[in-house]
Chemist: 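Here you go, one structure.
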Amino acid sequence: MASQQPDAGTGAYLIRGAALLGGAPEDLLIRGGIIAERGQNLAADGATVIEAAGLVALPGMVDIHTHLREPGREDAETVETGTRAAALGGYTAVHAMANSTPVADTAGVVEQVLTLGRTAGWVDVRPVGAVTVGLAGEQLAELGAMADSRARVRVFSDDGICVHDPVLMRRALEYVKAFDGVVAQHAQEPRLTAGAQMNEGEVSAVLGLTGWPAVAEESIIARDVLLAQHVGSRLHVCHVSTAGSVEIIRWAKSRGVKVTAEVTPHHLWLTDELARSYDPVYKVNPPLRTDADVQALRAALADGTIDVVGTDHAPHPSEHKECEWAQAAMGMTGLETALSVVQHTMIETGLMGWADFARVTSSAPAAIGRLADQGRPLDVGEPANVTLVDPAARWTVDPSKMATMGRNSPFAGRELPGKVVATFFKGHPTVLDGKLNTPYRYPAEVPGTAGAGSN
């Protein structure tokens, strides 16, 4: 990408010759935070020109499942570092999960996360509210208060812990109907996974590690889709990992249940065979499964049974990963590698094109989270949240050079395809030439109006 910057303060950017959603090359003129013009051979006096021949233009990516750790776990990640990683990964919005310290189970905490995100300015940070107080699974959190807060929370999850009590889960599903919210479930029956270390199967038997059966995930999903059908509410299934889960979700959708589902990049590629190395970087919740599961997940993402790719970006301090397998924390980073992994597993295999990629990484997750100004088409008058990708680029993952504080990438040392060249957030380039540029600066808020009208 070559750029000419006669006056970077104009706020106008002319992107020349990018393949919109992988189609024919077109020009995009960004001005005043929106796409002002789209067409061939555009011109704009004073605009910063970005020569984008060979690049693919996409709507800014939206992550439905990100762990930013702040407040309370700044040794693992902060909103600043996590959203820098998100911008470099092509994201313009992320949903920050509730398992911080303190837990995001009150209006005060979700508003704090919202403020941290706006202060950082790299992407739109949308807090996810906890379903239960303290993630303890005993009492519903202040769902209504969080929904009415400045953060306008619409996604609620105890992610990391399953809402295993069916009565509480039913009540949560009923409650969020009042404001068109969604409960995002971490499907894991705790009594079937006590002490579990990896996928239950041939490899766990050989290694002598306690197995994590597929039915522990599938039984919760089956229960919850029936509950969602019963109360007529929206359910989202986090990080689907088994072929059996896919079939249950497919069945539920065929019956008109309001269920959506996500798959992580690592579950689209990696298998439990990697646990043979005993390298804790491959320890994750839910665990890496078999190749048959991987193939089923890819097919389900391609045919729409699985709606979105969610990174489940889960950074940890090095000492929590560089230890014995049994003691290691579960989780992997993903914000800076997601695009490349999906290109490798879905686009280069012929299962999807770039327009499909935009659906599962942008428009569908924005719709689930009710983000009105994200995941929009690259059309005139739409918000200028845009990502430019070089699909021909190849790069080797080096966690030490990433923006995230987490070094626990399962793709370390692997050569991946595709590289984010530029990210525009609200018409402002947060990333240019593959490097962080400057953050977007929100206008001063009028007291009592922040967040109003942005569902």
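Just so it is clear, the structure is predicted and the values come from calculations on it, not from any experiment. Because only heavy atoms are used, hydrogens play no part in the values below, and waters and symmetry mates are left out as well, while side chains stay in.
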Chemist: Thinking salt bridges, do R38 and E26 make one under a 4.0 Å N-O criterion?
Modeler: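 Salt bridge between R38 and E26, a charged N being under 4.0 Å from a carboxylate O: yes.
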Chemist: Could you tell me if the side chain of R407 sits less than 4.5 Å from the side chain of E322, heavy atoms only?
Modeler: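 They are not in side-chain contact.
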Chemist: For the pair E80 and R84, find out whether any cationic side-chain nitrogen is under 4.0 Å from an anionic carboxylate oxygen.
Modeler: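 R84 and E80: salt-bridged.
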Chemist: Which value, rounded to the nearest 0.5 Å, describes the distance between T81 atom OG1 and R69 atom CZ?
Modeler: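 Interatomic distance, T81 OG1 to R69 CZ, rounded to 0.5 Å: 11.0 Å.
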Chemist: I'd like to check D379 versus I35 (side-chain heavy atoms, cut-off strictly below 4.5 Å). Are they in contact?
Modeler: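 No, too far: nothing below the 4.5 Å cut-off.
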Chemist: Give a yes-or-no answer on whether the side chains of H236 and E262 include a donor-acceptor pair shorter than 3.5 Å.
Modeler: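 A pair is found: one side chain offers a donor N or O, the other an acceptor, under 3.5 Å apart.
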Chemist: Regarding T311 and D63, is there a side-chain donor-to-acceptor distance under 3.5 Å anywhere?
Modeler: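 There is such a pair between these side chains.
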Chemist: Regarding S233 and E174, is there a side-chain donor-to-acceptor distance under 3.5 Å anywhere?
Modeler: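 Result is no, nothing qualifies.
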Chemist: I need the single residue from D356, V309, T345, D307 that forms a side-chain contact (heavy atoms from CB on, under 4.5 Å) with L301. Which is it?
Modeler: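 The passing option is V309.
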Chemist: Do the side chain of K321 and the main chain of A329 share a donor and acceptor less than 3.5 angstrom apart?
Modeler: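 Looks like yes, one N/O pair under 3.5 Å.
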Chemist: Taking all heavy atoms of A141 and all of A130, pick out the closest pair and write down the distance.
Modeler: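 Here A141 and A130 meet closest at CB-O, 3.4 Å.
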Chemist: Does the structure place the NZ or CZ of R414 under 6.0 Å from the centre of the six-membered ring of W395, at an angle of no more than 45° from the ring's axis?
Modeler: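 Cation-pi check for R414 and W395: fails.
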Chemist: Could you check whether any side-chain heavy atom of L68 comes within less than 4.5 Å of a side-chain heavy atom of V113, counting everything from C-beta outward?
Modeler: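 L68 does not reach V113 side chain to side chain.
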Chemist: Taking all atoms of both residues into account, what is the closest heavy-atom pair of R150 and L114, and its distance?
Modeler: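 In this case the closest contact between R150 and L114 is O-CD2, 3.5 Å.
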Chemist: What are the two closest non-hydrogen atoms of L270 and P410, and how far apart are they?
Modeler: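 Where L270 meets P410 most closely, the heavy atoms are CD1-CB, 3.6 Å.
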Chemist: Quick check for you: to the nearest 0.5 Å, what is the distance between S157 atom OG and L135 atom CG?
Modeler: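 Answer rounded to 0.5 Å: 8.5 Å.
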Chemist: Between R298 and T349, is any pair of side-chain heavy atoms under 4.5 Å apart?
Modeler: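 Yes. Closest side-chain heavy atoms under 4.5 Å.
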Chemist: Flag the pair T361 / V308 as yes when at least one side-chain heavy-atom distance between them is below 4.5 Å, and no otherwise.
Modeler: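 Heavy-atom side-chain distance check fails, nothing below 4.5 Å.
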Chemist: Do V128 and V153 have side-chain heavy atoms sitting under 4.5 Å apart?
Modeler: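 A side-chain contact is absent here, since even the closest heavy-atom pair is not under 4.5 Å.
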Chemist: At what distance, to the nearest 0.5 angstrom, does SG of C238 lie from CD of Q188?
Modeler: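 Nearest 0.5 Å value for the SG-CD distance: 12.0 Å.
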Chemist: With a 3.5 Å distance limit and no angle check, can you tell me whether D158 reaches the backbone of V131 through a side-chain donor-acceptor pair?
Modeler: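 Such a contact is found between D158 side chain and V131 backbone.
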Chemist: Do E415 and T396 meet the criterion of a side-chain donor-acceptor pair at a distance under 3.5 Å?
Modeler: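 Judged by distance alone, the side chains do not pair up.
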Chemist: If you take the centroid of each ring, where Trp contributes its six-membered ring, are W122 and Y91 closer together than 6.0 Å?
Modeler: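 No, the ring of Y91 stays outside the 6.0 Å limit from the ring of W122, centre to centre.
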Chemist: For V109 and P71, work out which heavy atoms get closest and say how close.
Modeler: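 Shortest heavy-atom contact: CG1-CG, 4.4 Å.
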Chemist: By salt bridge (charged side-chain N to carboxylate O under 4.0 Å, His left out), which residues pair with E382, not counting sequence neighbours?
Modeler: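 If we apply the salt bridge (charged side-chain N to carboxylate O under 4.0 Å, His left out) test to E382, skipping adjacent residues, the hits are R376.
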Chemist: Show your reasoning for whether side-chain contact (heavy atoms from CB on, under 4.5 Å) applies to N385 and K426.
Modeler: CA-CA 5 Å; N385 297 311; K426 296 181 179 290; 4.2 Å; yes
Chemist: Does one side chain, of D312 or H67, offer a donor that lies under 3.5 Å from an acceptor on the other?
Modeler: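 A donor-acceptor contact under 3.5 Å links the two side chains.
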Chemist: Below 30° counts as parallel, above 60° as perpendicular, anything between as tilted: where do the rings of F179 and F156 land?
Modeler: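 F179 vs F156 ring planes: tilted.
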Chemist: Any side-chain heavy-atom pair from T264 and P286 closer than 4.5 angstrom?
Modeler: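 Heavy-atom side-chain distance check fails, nothing below 4.5 Å.
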Chemist: Measuring centre to centre across the rings, with the benzene-like ring taken for any Trp, is H313 within less than 6.0 Å of H65?
Modeler: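 No, they do not, as the ring centres are separated by 6.0 Å or more.
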Chemist: Answer yes or no: is there an ion pair linking D124 with R118, defined by an N-O contact shorter than 4.0 Å?
Modeler: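 Salt bridge absent between D124 and R118.
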Chemist: Measure the acute angle between the ring planes of Y442 and Y440, then classify it against the limits of 30° and 60° as parallel, tilted or perpendicular.
Modeler: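 Plane angle over 60°, so perpendicular.
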Chemist: Is there a side-chain contact between R234 and D180 (heavy atoms, below 4.5 Å)?
Modeler: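 Sidechains of D180 and R234: in contact.
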Chemist: Nearest 0.5 Å, what's the CG-CG distance between N199 and D293?
Modeler: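 Going from CG on N199 over to CG on D293, the span is 6.5 Å.
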Chemist: For a side-chain contact (heavy atoms from CB on, under 4.5 Å) check, start with the C-alpha distance between V125 and T83, then their side-chain angles and the critical distance, and finish with the verdict.
Modeler: CA-CA 8 Å; V125 175; T83 55; 3.5 Å; yes
Chemist: Of I50, V420, V431, L58, which is the lone residue that meets side-chain contact (heavy atoms from CB on, under 4.5 Å) with L388?
Modeler: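 It is I50; the other options fail the test.
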Chemist: Name the residue from V259, L235, V237 that meets the side-chain contact (heavy atoms from CB on, under 4.5 Å) definition with Q185.
Modeler: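 Option passing the side-chain contact (heavy atoms from CB on, under 4.5 Å) with Q185: L235.
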Chemist: Under the 3.5 angstrom rule, does the side chain of S277 hit a backbone N or O of L274 as a donor-acceptor pair?
Modeler: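 Yes: the side chain of S277 pairs with the backbone of L274.
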Chemist: Could you measure the distance from the CZ atom of R289 to the CG atom of D272? Nearest 0.5 Å is fine.
Modeler: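 Answer for the CZ-CG pair, R289 versus D272, is 9.0 Å.
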Chemist: Run I347 and F357 through side-chain contact (heavy atoms from CB on, under 4.5 Å) and show every step you take.
Modeler: CA-CA 8 Å; I347 294 178; F357 178 94; 4.1 Å; yes
Chemist: Check the pair L335 / T66 against side-chain contact (heavy atoms from CB on, under 4.5 Å), numbers first and verdict last.
Modeler: CA-CA 8 Å; L335 286 170; T66 306; 4.0 Å; yes
Chemist: Rounded to the nearest 0.5 Å, how far does CG of L88 lie from NZ of K419?
Modeler: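 It is 7.5 Å, given to the nearest 0.5 Å.
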Chemist: Taking 4.0 angstrom as the limit, do E348 and R394 come out as a salt bridge?
Modeler: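 R394 and E348: salt-bridged.
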Chemist: Within the distance-only criterion (no hydrogens, no angle test), does the side chain of N408 pair as donor or acceptor with the backbone N or O of P315 below 3.5 angstrom?
Modeler: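 Side chain of N408 to backbone of P315: no pair is present.
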Chemist: Regarding S100 and E70, do their side chains bring together a donor and an acceptor under 3.5 Å, going by distance alone?
Modeler: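 Side-chain D/A pair, S100 to E70: absent.
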